[in-house]
Trainee: 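Let me give you the structure first, and then I'll get to my questions.
Predicted model only: the values in this text are computed from it and were never measured. In what follows, every chain begins at residue 1, and chains take the letters A, B, ... in the order their sequences are listed.
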Protein chains: 2
Amino acid sequence: MAIKNVKEQIIKAATKEFLASGLEGARMQAIADKAGINKALLHYYFESKEKLYFIVLKAQFSDMIAGLLQTFGSEEDFEPWLKHLIRTVLKEITSRPHFSRFMLWELNAQKKQLPRLFQELLKERMQGSFMQKIQAKLDQTAAAAYPAEQFLLNVLSLCIYPGLARPLLEQVLGKELFASKDFITAREEDIFQLIKYGILERKRAEI
Amino acid sequence: MAIKNVKEQIIKAATKEFLASGLEGARMQAIADKAGINKALLHYYFESKEKLYFIVLKAQFSDMIAGLLQTFGSEEDFEPWLKHLIRTVLKEITSRPHFSRFMLWELNAQKKQLPRLFQELLKERMQGSFMQKIQAKLDQTAAAAYPAEQFLLNVLSLCIYPGLARPLLEQVLGKELFASKDFITAREEDIFQLIKYGILERKRAEI
DNA sequence: ATTATCTTTAACTATATGGTTAAGAATAAC
DNA sequence: GTTATTCTTAACCATATAGTTAAAGATAAT
């Protein structure tokens, strides 16, 4: 049976197309081409563009959330936990080069449906309060009472933005930078140090 | 003569529409509506969607770059300079809520034209090497030899990402957070502290 | 072999949208 | 008052694209 194979190929192709071009920008013909089939067969398996779109999206959300939430809640001391966290976010982001870009764009364009879908999946996967866990981790350290929201913003910003703005930054910083293999590992270490010293040492200095 | 008035209104409307929806997603009818005129008059003043698009874009790029480059090159000591820099980036970003989002999306979609336009404007406005100035500033401090690229990435990430991901983050952190007036000022201070301690104290600790 | 399922081909419909056109109305310039 | 410019109306064209359809071919299941 070639069924599942083709369905899988369609989803794969559709994922690429939707993440690269959004719902409006995506072309059903392009999806069919990428999947190596024709439009008629595409509609034989999937009713409409919208249906296919939400199937793709749900899968993407789930994958992403799964990897992240697990790491956020892991039972480690602060420093190894932070390192682990940074590495995971960087890995999840770089392994899905178009996902965050897509999210930021599409969450604004399709403002009714996507936030709801996202919210549902978050609730489904998240047991207990997520922010409280982060706060608890912080409270084990010299940075006790440092707000978990700021912490989360810092980690996400530092990990996600560079990959997001890569095409832009390459114009300013030069094409070579991001291409270098060491860059991500160097970046990983730098983010760790920045947050460690930026939060812990600041608190120590304040006392 | 009502000419300039209408042209201005069209540009204003087009800017909104293009930044919100991109080149493909923007609708000429929507631009005409927003400008309070009809499609015929729109084409009476502007040949085509593409032409209008690039006029809008060039203006936006110029505005943005102007404000930023000035601050980056200002002659101040490190700490006031950093504070000034962070404040300016935050201001430029929050005053153009759709611009960075648009850039990240569209730079990828229209990959030939936009980077070239961006590059041209950067060269035009930038005298002397931009990164070298940043490095010079860093070298005045305890963080001498801290790479200017990492520094720039850190500042931009921390300032730009939260505004960018706001709709997403509000799902996780709650709607109230960003709405609060103090949030931006608190964020401004936190970014400053984070970079100051994260870079300077780290270097001191390493010695 | 026969049947059910999968797949292609190719023409077709419906709709949205960028852009045009021509006639005329309103407004300014002279 | 006459002319040139600005603006509206409303119909129109061309094109792109989501989706359909019908007929036939290929492949697997029985």
Trainee: Can you tell me how far P of D:dA23 sits from CG of A:N38, to the nearest Å?
Mentor: 18 Å
Trainee: Separation of A:Y44 atom OH from D:dA22 atom P, in whole Å?
Mentor: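 From A:Y44 OH to D:dA22 P: 16 Å.
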Trainee: Between A:N5 (CG) and D:dT27 (C1'), how many Å, whole number?
Mentor: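 Taking atom C1' of D:dT27 as the reference, CG of A:N5 is at 14 Å.
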Trainee: Classify the side chain of B:K49 and the base of C:dG19 as holding, or not holding, a donor-acceptor pair under 3.5 Å.
Mentor: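 Not at all, since no donor on one side and acceptor on the other fall under 3.5 Å apart.
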Trainee: B:Y45 side chain N/O closer than 4.0 Å to the phosphate oxygens (OP1, OP2) of D:dC7?
Mentor: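 Checking B:Y45 against D:dC7: at least one side-chain N or O falls below 4.0 Å of OP1 or OP2.
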Trainee: Side-chain N or O of B:R27 less than 4.0 angstrom from OP1 or OP2 on C:dG18?
Mentor: yes
Trainee: Using atom CD of B:Q29 as one end and atom C1' of C:dT20 as the other, report the distance to the nearest whole Å.
Mentor: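 Taking atom C1' of C:dT20 as the reference, CD of B:Q29 is at 14 Å.
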Trainee: So, using side chain to side chain donor-acceptor pair (under 3.5 Å) as the criterion, who are the partners of B:T15 when residues are at least two apart?
Mentor: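 With sequence neighbours excluded, B:T15 shows a side chain to side chain donor-acceptor pair (under 3.5 Å) to no residue whatsoever.
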Trainee: Identify, between B:H43 and A:I37, the residue whose nearest nucleotide on DNA chain C lies closer to the 5' end.
Mentor: A:I37
Trainee: Compare the minimum distances between each of C:dG19, D:dC7, D:dG19 and the side chain of B:S48, then state the nucleotide with the smallest one.
Mentor: C:dG19
Trainee: Figure out the CE/P separation between A:M28 and C:dT15, and round it to whole Å.
Mentor: 18 Å
Trainee: A:D190 versus A:R187: any side-chain heavy-atom pair under 4.5 Å?
Mentor: yes
Trainee: Of the nucleotides D:dT9, C:dT8, D:dT5, which has the atom closest to the A:L41 side chain?
Mentor: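 So the side chain of A:L41 is nearest to C:dT8.
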Trainee: Whether the side chain of B:E24 engages the backbone of A:E24 through a donor-acceptor N/O pair (distance < 3.5 Å, no angle test) should be reported.
Mentor: no
Trainee: Please answer whether the main-chain N or O of A:K91 pairs with a side-chain N or O of A:T94 as donor and acceptor at a distance below 3.5 Å.
Mentor: yes
Trainee: Does B:Q70 CD have over 12 foreign heavy atoms under 6.0 Å away?
Mentor: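 No, because the 6.0 Å sphere around CD of B:Q70 holds 12 heavy atoms or fewer from other groups.
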Trainee: Is the side chain of B:E170 donor-acceptor paired with the backbone N or O of B:F178 at a distance under 3.5 Å, no angle test?
Mentor: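 No, because the side chain of B:E170 does not come within donor-acceptor range (under 3.5 Å) of the backbone of B:F178.
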Trainee: Under 4.0 Å between any heavy atoms, over every strand shown, what does A:A26 touch: base, sugar-phosphate, or nothing? Just pick one.
Mentor: sugar-phosphate
Trainee: Hey, can you pull the residues of residues 10-25 of chain A with a non-hydrogen atom under 4.0 angstrom from DNA chain C?
Mentor: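 Hits under 4.0 Å, by residue number: none.
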Trainee: Separation of A:L42 atom CG from D:dT21 atom C1', in whole Å?
Mentor: 16 Å
Trainee: Taking side chain to side chain contact (heavy atoms under 4.5 Å, CB included) as the definition, give me every residue that meets it alongside B:K12, ordered by chain and number, with sequence neighbours left out.
Mentor: none
Trainee: Starting the side chain at C-beta, find the nucleotide from C:dG18, C:dT9, D:dA18 nearest to A:K39.
Mentor: D:dA18
Trainee: Nearest-Å distance, CG (A:D33) to C1' (C:dT8)?
Mentor: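 To the nearest whole Å, that distance equals 14 Å.
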